[in-house]
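First comes the structure, then the notes that go with it.
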Protein chains: 2
Amino acid sequence: MNYTISQVAKKTNLSIYTIRYYDKEGLLPFIDRENGTRVFHEHDVDWIDLICCLKNSGMPIKEIRTFINYCTDHDAVVEKGLEILIKHRQNIEQQLRDTQRNLQTINYKIEHLPQMYKEKFAVGDQRKTELGTKTTEVK
Amino acid sequence: MNYTISQVAKKTNLSIYTIRYYDKEGLLPFIDRENGTRVFHEHDVDWIDLICCLKNSGMPIKEIRTFINYCTDHDAVVEKGLEILIKHRQNIEQQLRDTQRNLQTINYKIEHLPQMYKEKFAVGDQRKTELGTKTTEVK
DNA sequence: ATATACGATAGAGTTAACTCTAGGTCAATG
DNA sequence: CATTGACCTAGAGTTAACTCTATCGTATAT
């Protein structure tokens, strides 16, 4: 089964612009052409899915191109490509930890926002800056 | 205890440029000045930490400004600010799921890369594209 | 035969988030 | 009193990743 660029756009949730941009940037050197028109095969979509995973997890286009080059270069082949994926997996694992920490932080901040507000911005009987709160508030 | 901009830069791992940029963008309307020079207090660093958490978890500068404006605006105050944080927490929870999915995907792709390579790029007794494997290939 | 639709390219424009440069103030030091 | 170092602003420059425009080619439908 073959696909046109607009069909692949739908399947991958990329815009047609983006797919052509990726091709221009050397991410899709394996796509066939018929009279200049791109022809996508089933397996191409698997590769594009991989590219999307790398992009979604923050790998820059240039590095994705390096990865694809390794994969299409018959000397380096899979080993070098695998090396990149395995290294990138560590990034994703780090992202996971970072996001978990962000979640903890925001939970803490949600709890403490009223107090942070009071300490810095509250007006009324107290002064506006923490000079005023220093009387009631101890660090 | 007061801090200069370069001390805050070290504490927060932001560059001096970035801190001034954030100020320019209205993220730090609460910073005091002495003869034009910024003076940072302890509580300011708490607020900058919150800003960093929001930024690290993908909130755009404009939205962070909106949040800060709510917090410094004595009419809207905490409720509106809390609303934004609570809504943003959902984004972070989504990021967590997305990252977990990315991790699964990359694990799968690491396992299957050799096969993906064979299917699309392998040479030898077979042709280079899948045209060879289907003999002629019909649309 | 012309309009419509879809494909293509080259290259310009956009956006976010910095990052840096030029030029200036001010306080302490030799 | 000149130099050094840290601060300031305005505004220009950078980078990544799109996103769009202009223009063209081809095929099908009316």
Side-chain angles (χ1 to χ4, degrees), chain A residues 1-41 44-45 48-68 88 91 95 98 102, chain B residues 1-41 44-45 48-69 88 91 95 98 102 139:
Chain A
M1 192 51 186
N2 294 343
Y3 304 101
T4 66
I5 193 169
S6 57
Q7 289 170 326
V8 172
K10 267 185 197 160
K11 271 175 100 80
T12 58
N13 284 317
L14 297 172
S15 74
I16 293 179
Y17 296 142
T18 302
I19 295 173
R20 289 206 268 246
Y21 165 67
Y22 284 177
D23 197 5
K24 226 191 279 186
E25 291 297 308
L27 267 50
L28 310 173
F30 47 81
I31 300 300
D32 284 343
R33 299 276 183 139
E34 267 173 31
N35 316 329
T37 296
R38 294 175 185 86
V39 176
F40 297 78
H41 305 290
D44 297 333
V45 178
I48 294 174
D49 278 345
L50 172 50
I51 288 169
C52 287
C53 170
L54 297 177
K55 181 206 65 168
N56 292 336
S57 52
M59 185 183 286
I61 300 296
K62 278 185 185 179
E63 201 179 336
I64 299 179
R65 175 170 50 214
T66 302
F67 166 71
I68 292 289
H88 184 64
N91 292 347
Q95 285 168 31
D98 290 346
N102 285 336
Chain B
M1 191 50 187
N2 294 344
Y3 303 100
T4 66
I5 193 170
S6 56
Q7 289 170 326
V8 173
K10 266 185 198 160
K11 272 176 99 79
T12 58
N13 284 317
L14 297 172
S15 75
I16 293 180
Y17 296 143
T18 302
I19 294 173
R20 286 204 270 247
Y21 165 68
Y22 284 176
D23 197 7
K24 227 190 280 185
E25 291 298 307
L27 266 50
L28 310 173
F30 47 81
I31 299 300
D32 284 343
R33 299 275 184 142
E34 267 173 32
N35 317 329
T37 296
R38 293 176 186 84
V39 177
F40 297 79
H41 307 289
D44 297 333
V45 178
I48 293 174
D49 278 344
L50 172 51
I51 288 169
C52 286
C53 170
L54 296 177
K55 182 206 66 168
N56 292 337
S57 51
M59 186 183 285
I61 300 297
K62 278 186 186 177
E63 201 179 335
I64 299 179
R65 173 170 52 214
T66 302
F67 166 71
I68 292 290
N69 284 344
H88 184 65
N91 292 347
Q95 285 168 32
D98 290 345
N102 285 336
K139 198 205 156 181

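Note that the coordinates shown come from a computational prediction; the quantities given were computed from them, not determined experimentally. So you know, we letter chains A, B, ... as the sequences are listed, proteins then strands, and number each from 1.
Within the 4.5 Å cutoff, the side chain of B:Thr4 has heavy atoms near those of the B:Gln7 side chain. In this structure, A:Ile19 and A:Leu28 have side chains that are in contact, with non-hydrogen atoms separated by less than 4.5 Å. B:Ile61 has its side chain within reach of B:Tyr21: a pair of non-hydrogen atoms, C-beta onward, lies under 4.5 Å apart. Put simply, the side chain of A:Leu14 reaches to within 4.5 Å of the side chain of A:Cys52, judged on heavy atoms. Proximity of A:Ser57 to A:Asn91: side-chain heavy atoms (C-beta onward) are nowhere separated by under 4.5 Å. The side-chain heavy atoms of A:Lys55 and A:Leu27, taken from C-beta on, include no pair separated by under 4.5 Å. Between B:Val39 and B:Arg33 there is no side-chain heavy-atom pair separated by less than 4.5 Å.
One finds no salt bridge joining A:Arg38 and A:Asp44 here, because no Lys/Arg side-chain nitrogen approaches an Asp/Glu carboxylate oxygen to under 4.0 Å.
Here D:dT9 presents its C1' atom at 16 Å from CG of B:Leu28, a figure rounded to the nearest Å. One atom, CD of B:Glu25, and another, C1' of C:dT15, lie 12 Å apart when rounded to the nearest Å. Atom CD1 in A:Ile16 sits about 14 Å away from atom P in C:dA5, given to the nearest Å. When rounded to the nearest whole Å, the span between CZ of B:Arg33 and C1' of D:dC8 equals 8 Å.
Across all strands, B:Arg20 comes closer than 4.0 Å to base atoms (heavy-atom distances).
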So which protein N/O to nucleotides 3-6 of chain D N/O distances come out below 3.5 Å?
none

Which protein N or O atoms sit under 3.5 Å from an N or O of nucleotides 16-27 of chain C?
from   : atom 1 : to      : atom 2 : distance (Å)
C:dA17 : OP2    : B:Ile61 : N      : 3.3
C:dC18 : OP2    : B:Tyr22 : OH     : 2.6

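Applying the 4.0 Å criterion to OP1 and OP2 of D:dC7, one finds that B:Arg38 has every side-chain N and O outside that range.
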